[in-house]
2 protein chains.
Amino acid sequence: MAASIKDVAREAGVSIATVSRVLNNVDVVNEDTKKRVQDAIKKLSYRPNIVARSLKTQKTKTIGILVPDISNQFYPEVVRGAEDVANIYDYNIILCNSDSDLDKEKEYIRVLKEKMVDGMLYMSSSLEGEILDLIDELELKTVLVETKISGGKLPSVTIDNKKAAYDATKYLLEKGNKKVAYIGLKKDRTNAVSRRYNGYEKALKDSGIEVDPSLVYFGGLKAADGYNGINVILENSEIDAVFCASDEVAMGAINALRDKGLDCPKDVDVMGFNDNSMAAVFYPKISTVAQPMYDMGSVGMRMLIKIVNNKPLDDDQYVLQYYLVERDSVK
Amino acid sequence: MAASIKDVAREAGVSIATVSRVLNNVDVVNEDTKKRVQDAIKKLSYRPNIVARSLKTQKTKTIGILVPDISNQFYPEVVRGAEDVANIYDYNIILCNSDSDLDKEKEYIRVLKEKMVDGMLYMSSSLEGEILDLIDELELKTVLVETKISGGKLPSVTIDNKKAAYDATKYLLEKGNKKVAYIGLKKDRTNAVSRRYNGYEKALKDSGIEVDPSLVYFGGLKAADGYNGINVILENSEIDAVFCASDEVAMGAINALRDKGLDCPKDVDVMGFNDNSMAAVFYPKISTVAQPMYDMGSVGMRMLIKIVNNKPLDDDQYVLQYYLVERDSVK
DNA sequence: ATGAAAGCGCTAACAA
DNA sequence: TTGTTAGCGCTTTCAT
């Protein structure tokens, strides 16, 4: 068994209260006794039991992070950013993969509450009302990353997906492309990512172009979706460019194009989204809109830690900057 | 405040002991009182406080996972595999990024102990003696993933890196390649990944080929390392093929080749390692040795959970199967 | 400046 | 079958 505060107290010849005092640096402790206690701590390699402390203080110094799937390209960097700042402030993170499944999410949230996490970083492209209710009922301090809710009831860190998509589409248009296709998420889901379609739509309209449904493909966010998307779109139409809702989709699209004898960027311009770690490694290097993934995680965690410690927030709806990265998939 | 066991007891008109009994399904409880308790639980939306339970039982139902960096290609899948099985058995995971930094690792391990995790999954390409000592001193139940230690003192799940590299190199040789280069990790570190070099070396020797130092480049495991590696190697030599210690290195190598006017696989065969999610998306599709990353995580977690619950292990040094994936980067 | 003791929410040994 | 109670390791109030 590891040494407990009692052992230290005995070793130092003081009461456990005194040990606690030097441990937490509170009250005034005589320099001599403090030293005796510190020596005892060192001698016994004592480390406080945080579970016991948590029970008393009602704070666990741990934060839950709920992601759809850590093995998806987007999340590891966000989580890394979050964990780095958590670590700075002596917090740890409990990672949960929900697969965006409502029941799984609810159960995880309940368990996080049972384990008394101090707060939660919630990431999911969709955000059901039931989840909001649960968060509310459990009074679980949470900040949203990637999504936000209209009322602004929960703090969030996001980028302006619609505007980013707008800019990307405009960029494609300004390159002289007429027929610009879109491959992305189904638009019927109320999530952040599907708002990219709205940006695409608006950019076309603002340029006096009607959106042509046969140029739009709704699927997932994987390479296979980009591949399928191109094949479907090319069945009935010709295109000059494609705006893809993720880099992986862009890569899949480029592969499909190539298999059809079409070259990117010579024949078709392709634009991605995210700027994941492979975007600059792929051939051709993917032009994309970069999302500050690491920062989304780190500012999200910073906000959350402030909230947890009742510190005032400068702003509770952070909108981070995205930026267009011009590489080789757009000529 | 959330309801506590006391509230439930009061509501149901029983003692807290009885509530605890129905909660944990121990002893025999009268059906009627059991129902009363269950009703009270439902009525109050009661959920046990796991921190309090943990303090008493000395088990937290949480497992620490130490990885170098979750934003590296390899780890997300392993972690996903681990978390999935953890979830099945009602465990949660605390994720820690160590950057393979010894001090950070030591501190994380101590904190995990303070938080009374039931066990730890340790992943790191290198495994210093100090870490082993600390694990030992803290009596922290741990299983090693990706590495193992010679004595077999700690349970592990790995693949045979040397043999896998041997097979890959042989494969390249059998394709008729004479000058086969190697780009991978510095071999001076005692880690699992650098053993791939030993496999490469042995394959050459077994084929009666002397290893030519100018065909070997030691760097990191990123695309940039593959890119640099090719440039350095090509300064003094010509090559027929390259065996790369990761898929990212392979991609970087292929890019460098292309920039030099060399085509893969026409001019040079390139072999990767891992079979990460981009390997089949890259052009050309990367031929590689597939590591069962998800499985490494899931069997690692399975072992750990058995250990934590004092169940016997069938085997404590699992060596999982890798397999060669033939795609397009080798002709 | 220090100690005694209550209590955080639970489990489990013991009693009834 | 059920209740009482000690105690897990700590923090913190109240005395001293």
Side-chain angles (χ1 to χ4, degrees), chain A residues 1-38 40-41 44-62 90 110-118 138, chain B residues 1-38 40-41 44-62 90 110-118 138:
Chain A
M1 233 0 244
S4 83
I5 197 170
K6 269 189 197 168
D7 302 312
V8 177
R10 192 180 315 116
E11 177 71 27
V14 298
S15 73
I16 60 169
T18 299
V19 176
S20 177
R21 287 190 185 98
V22 346
L23 238 34
N24 298 292
N25 241 315
V26 292
D27 299 350
V28 197
V29 180
N30 186 315
E31 278 304 318
D32 290 355
T33 56
K34 180 185 236 170
K35 181 151 187 335
R36 284 217 315 286
V37 170
Q38 285 166 335
I41 287 174
L44 301 178
S45 306
Y46 169 75
R47 286 225 145 194
N49 179 317
I50 300 191
V51 173
R53 174 182 290 170
S54 297
L55 183 58
K56 181 67 193 176
T57 63
Q58 305 283 44
K59 288 182 191 312
T60 52
K61 284 275 183 177
T62 115
D90 296 320
R110 289 215 170 83
V111 172
L112 288 174
K113 181 69 185 185
E114 289 176 354
K115 292 201 171 173
M116 283 178 50
V117 294
D118 296 336
L138 264 26
Chain B
M1 237 356 248
S4 82
I5 197 170
K6 269 189 195 165
D7 302 313
V8 177
R10 192 180 315 118
E11 177 72 27
V14 298
S15 73
I16 60 169
T18 300
V19 177
S20 177
R21 287 191 185 97
V22 346
L23 239 34
N24 298 292
N25 242 316
V26 292
D27 299 349
V28 198
V29 180
N30 185 315
E31 277 304 317
D32 290 353
T33 56
K34 181 186 235 169
K35 181 151 188 334
R36 283 219 314 286
V37 170
Q38 284 165 337
I41 287 174
L44 302 177
S45 305
Y46 168 75
R47 287 223 145 196
N49 179 317
I50 299 190
V51 174
R53 175 182 290 169
S54 297
L55 183 59
K56 180 66 194 178
T57 62
Q58 305 284 35
K59 287 181 192 312
T60 53
K61 284 277 184 177
T62 117
D90 297 320
R110 289 216 171 84
V111 171
L112 288 174
K113 181 68 184 185
E114 289 176 355
K115 292 202 171 173
M116 283 178 50
V117 294
D118 295 337
L138 263 26

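Quantities reported herein were computed from a predicted structural model and do not represent experimental measurements. Numbered from 1 within each chain, the chains take letters A, B, ... in sequence-line order. Both backbone and side-chain heavy atoms feed into the values below; hydrogens, waters and symmetry mates do not.
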Selection from [options] that lies nearest to any side-chain heavy atom of [X]:
X	options	answer
B/Val28	D/dG9, D/dT1, D/dT12	D/dT1
B/Lys56	D/dT4, D/dC10, C/dG9	C/dG9
B/Asn49	D/dC10, C/dG9, C/dC8	C/dG9

A/Asp118 side chain to A/Lys61 backbone, donor-acceptor under 3.5 Å: yes

For A/Thr60 and A/Ser54, indicate whether the former's side chain and the latter's backbone hold a donor-acceptor pair under 3.5 Å. no

Tell me what [X] touches on the nucleic acid: a base, only sugar-phosphate, or nothing, going by heavy atoms under 4.0 Å.
X	value
A/Val14	sugar-phosphate
A/Ile16	base
A/Thr33	sugar-phosphate
A/Asn24	sugar-phosphate
A/Val51	nothing
B/Ser4	sugar-phosphate

Any [X] side-chain N or O less than 4.0 Å from OP1/OP2 of [N]:
X	N	answer
A/Ser20	D/dT11	yes
B/Arg53	C/dG9	no
B/Ser15	D/dT4	no

Between [atom2] on [N] and [atom1] on [X], what's the gap in Å once rounded to a whole number?
X	N	atom1	atom2	result
A/Arg21	C/dT2	CZ	C1'	6 Å
A/Arg47	D/dG9	CZ	P	17 Å
A/Glu31	C/dT2	CD	P	10 Å
B/Asp7	C/dC10	CG	C1'	13 Å
B/Asn30	D/dG3	CG	P	11 Å
A/Gln58	C/dG9	CD	C1'	9 Å
A/Ile50	D/dT11	CD1	P	10 Å
A/Leu44	D/dG9	CG	P	14 Å

Does some side-chain heavy atom of A/Ser20 sit less than 4.5 Å from a side-chain heavy atom of A/Ile5? yes

More 5' along DNA chain D: A/Val19 or B/Ala52, using each one's nearest nucleotide? B/Ala52

Heavy-atom nearest nucleotide on DNA chain D for A/Thr18 versus B/Asp27: which residue maps closer to 5'? B/Asp27

Which heavy atom in [X] sits nearest to a heavy atom in [Y], and how many Å separate them?
X	Y	result
A/Gln38	A/Val22	CG-CG2, 4.4 Å
B/Leu138	B/Arg110	CD2-CA, 4.3 Å
A/Val8	A/Val37	CG1-O, 4.2 Å

